[in-house]
2 protein chains.
Amino acid sequence: MKSLSIKDIAVKANVSITTVSFIINGKAKEKSISEAVIEKVKKIIEESGYKPNQIARSLRTGNSNIIGLIIEDISNSFFSRIARLIEDKAYKRGYKIIYSSTENNVDKAKELINLFKSRKVDAYIISPIKGIEEDVQMLLDDGNPVIFFDRNLPDVDTSYVGADHFNASYQSIQSFIDQGKKNIALVTTDINVAQITERHDGYKKALEDNGIAYDDDLVLKIHFNQEENETIAQIKSLLENKKVDAVLFVTNYLAISGLKALKQIDKKIGDDFAVIAYDDHEAFELHTPRISAIQQPLEEIAEAIIKLILNRLSSKGKLPAEELIIPTRLVLRD
Amino acid sequence: MKSLSIKDIAVKANVSITTVSFIINGKAKEKSISEAVIEKVKKIIEESGYKPNQIARSLRTGNSNIIGLIIEDISNSFFSRIARLIEDKAYKRGYKIIYSSTENNVDKAKELINLFKSRKVDAYIISPIKGIEEDVQMLLDDGNPVIFFDRNLPDVDTSYVGADHFNASYQSIQSFIDQGKKNIALVTTDINVAQITERHDGYKKALEDNGIAYDDDLVLKIHFNQEENETIAQIKSLLENKKVDAVLFVTNYLAISGLKALKQIDKKIGDDFAVIAYDDHEAFELHTPRISAIQQPLEEIAEAIIKLILNRLSSKGKLPAEELIIPTRLVLRD
DNA sequence: TTGGTGTGCTAAATCGTTTTAGGCTAACCA
DNA sequence: TGGTTAGCCTAAAACGATTTAGCACACCAA
């Protein structure tokens, strides 16, 4: 059951391959193919169920109608939801998405870039990590559109879509302070990307603006790839050994570990202890009490990414890099 | 900055394209290429950073080292976690995964199959839906390995990996009964796939074996694509209007809607009202009280899928279809 | 000398498209 | 009458790899 080729269609229709190709690609008019031939060929294609071989097409044209999406971890709900939205939107515009996770591993990220490059994807959407600057620069030098999202690499001059991490965290801390909290802890990670440092900076600035001294002992940096039990233990130790009346968790998975820690030491969230998580999660709405969270507007982020990509794909020349900073929403619960 | 081709390497090394190709593909020995030439060519490839064009390679060889994964919805944590595991395992064996979501839409599913077909993926992993039987049959007729997982289509004769849905639900109901529950409701969906009906059948059988009459009024079938608010309303109505002392939710997202419903009507889970969810979720561990769940062993499922695929890819002839039913684990909490 | 067997390499076909450059006929115009 | 134009279509090159078939030489045995 070999699949049909354009040649088979040409033979059946008794015309040349070229003619069939023109018709398939909607250039029939332009190339002045007669109505009769167009009809005939279309009919044969229809009846035979012929589908052009995309691989041959890609080889010839050099593009694939595929956009590569490189993220940290598809099993994290923030990324899987973004992926889903991007996929939907791209699909409607005739593009397919292929994605893969880096697990915050520089080598895997580089391999993925190579994989996508060798598959000739038309554009790259990347939530980047430190260490891949050169590889990305090469993509850009080769003229590929690359959009960063969620995180930025300041050394690379390309477009970026991300939430306003600084203000998100600033506002959260401000809201703690407005509630009368004084000993505010931050649970963050040690991955060294702008997005995380901005969240940290917002925390610092808010304390400073309110005349509260920054205390390094209240900032817990969790090692990225460590076991969750370890994380829980560290958070427990922070909460038990320091006077803390509010915590901002800098990612949703840290917040989840945090909530588990609270359960174990039986510390209750309430009037004298508050918590905010960065990135919302189904578990937060269901938790008793419900957990406040900073929501990133996924829909808008996805839309912005796709728009940037499509602009770059349709314009011939290189467009200047754009930065889109999208405001977040602080959802205070209970 | 055009990328290098095999021809460039051949010219640089002053040998033929054929020779370079043999060396790249590890056939140098077999084709008796001299050690000296091998060294020289390898060195040049190394230095120039040449990477073969996978598209040209696919066009010529007819395969891609890519496995297509078609699932219901990547933003559902069950699928995203499975996807991640499959991706990892495939990656280690030199295969890449591309995935896409069907959203339980027959047309989208068919389009995806066509997309993957035209990209010449080497094998298909599908969580199928009713209505794509013919398309899958065509893949099989063309000699493509296809593995179903999570759900099965009885009319299609291909391998399947899935959890033991019937027993999972039977055991859950049995555990309710052992706790003295009598009025046990089932919240399920109206998608008509074996996996869902098996869960329903397990419920029925367990009731029957314990001499409890099956009551259709206690079975709520939720329409798949409806708004969550609607779902919550229906669940509320079930719980308020019927005497119910236990509920089995047939998917985790239904359970989440269910928990939201409980919150709204202030019905508490405890000694006189119990709940079990199919498929575990982070929210369940954190919930107060913690929610019992049926865990599917994701790791084992992913491993089984990959094994089946690789067997089929490496064997020349068609292998007979296999069914792997993997036992689930009922995790009773609080 | 002849024929056979390795060894070391390569020319050219092939995969299925797109696209450039141009061929052929008939019609039209001066 | 001859030249131009328009209309309709196609031959062949190209994309970048793999693979088949086979060339040229050396060596050895009979």
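Lettering of chains follows the sequences in order, A, B, ..., and the numbering in each one begins at 1. Excluded from the calculations below are hydrogen atoms, water molecules and symmetry mates; all remaining heavy atoms, backbone and side chain alike, are included.
- Sorted by first and then second residue, the side chain to side chain donor-acceptor pair (under 3.5 Å) pairs with a member in residues 299-310 of chain A read A:Lys89-A:Glu299, A:Lys89-A:Glu303, A:Arg93-A:Glu303; sequence neighbours excluded.
- Of the possible donor and acceptor atoms, none in the side chain of A:Asp8 sits under 3.5 Å from a partner among the backbone N and O of A:Leu4.
- Computed from coordinates, the A:Lys7 NZ to D:dT10 P distance equals 15 Å when rounded to whole Å.
- Side chains of B:Gln54 and B:Ser64: no donor on one and acceptor on the other come within 3.5 Å.
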*salt bridge (Lys or Arg N to Asp or Glu O under 4.0 Å) assessment of A:Lys43 paired with A:Glu47*: CA-CA 6 Å; A:Lys43 187 142 168 282; A:Glu47 283 169 359; 3.6 Å; yes
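- For the side-chain contact (heavy atoms from CB on, under 4.5 Å) with B:Thr158, the qualifying choice from B:Asn152, B:Leu140, B:Leu308 is B:Leu140, the only one to do so.
- The side chain of B:Ser16 sits closest to C:dA11 out of D:dT10, C:dT17, C:dA11.
- Residue B:Lys117 contributes atom NZ, which lies 15 Å from atom P of C:dG16 at whole-angstrom precision.
- One can place CG of A:Asn63 at 11 Å from C1' of C:dT18, the figure rounded to the nearest angstrom.
- Residue B:Leu59 contributes atom CG, which lies 13 Å from atom C1' of C:dA13 at whole-angstrom precision.
- The aromatic rings of B:Tyr124 and B:Phe116 sit tilted, their planes meeting at an angle between 30° and 60°.
- The stretch residues 32-58 of chain A comes close to DNA chain D through A:Ser32, A:Ile33, A:Ser34, A:Val37, each having a heavy atom under 4.0 Å from the strand.
- Regarding A:Ile6, its CD1 atom lies at a distance of 11 Å from the P atom of C:dT19, rounded to whole Å.
- Following rounding to the nearest Å, A:Ile9 (CD1) and C:dT18 (C1') show an atom-to-atom distance of 17 Å.
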Find every protein N or O atom lying less than 3.5 Å from an N or O atom of nucleotides 19-26 of chain D, and list the pairs.
| unit_1 | atom_1 | unit_2 | atom_2 | d |
| --- | --- | --- | --- | --- |
| D:dT19 | OP2 | B:Lys27 | NZ | 2.8 |
| D:dT19 | O4 | B:Thr18 | OG1 | 3.3 |

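- Checked against the 6.0 Å centroid criterion, the rings of A:Tyr99 and B:Tyr99 qualify as a close aromatic pair.
- Of all the heavy atoms in A:Ile74 and A:Ala83, the pair that sits closest is CD1-CB, 4.0 Å.
- At a cut-off of 3.5 Å, with distance as the only test, no side-chain donor of B:Asn76 or B:Glu72 sits close to an acceptor on the other residue.
- Per the geometry, NZ belonging to B:Lys29 stands 19 Å off P belonging to C:dG6, to the nearest Å.
- One can place NZ of B:Lys120 at 8 Å from P of C:dG16, the figure rounded to the nearest angstrom.
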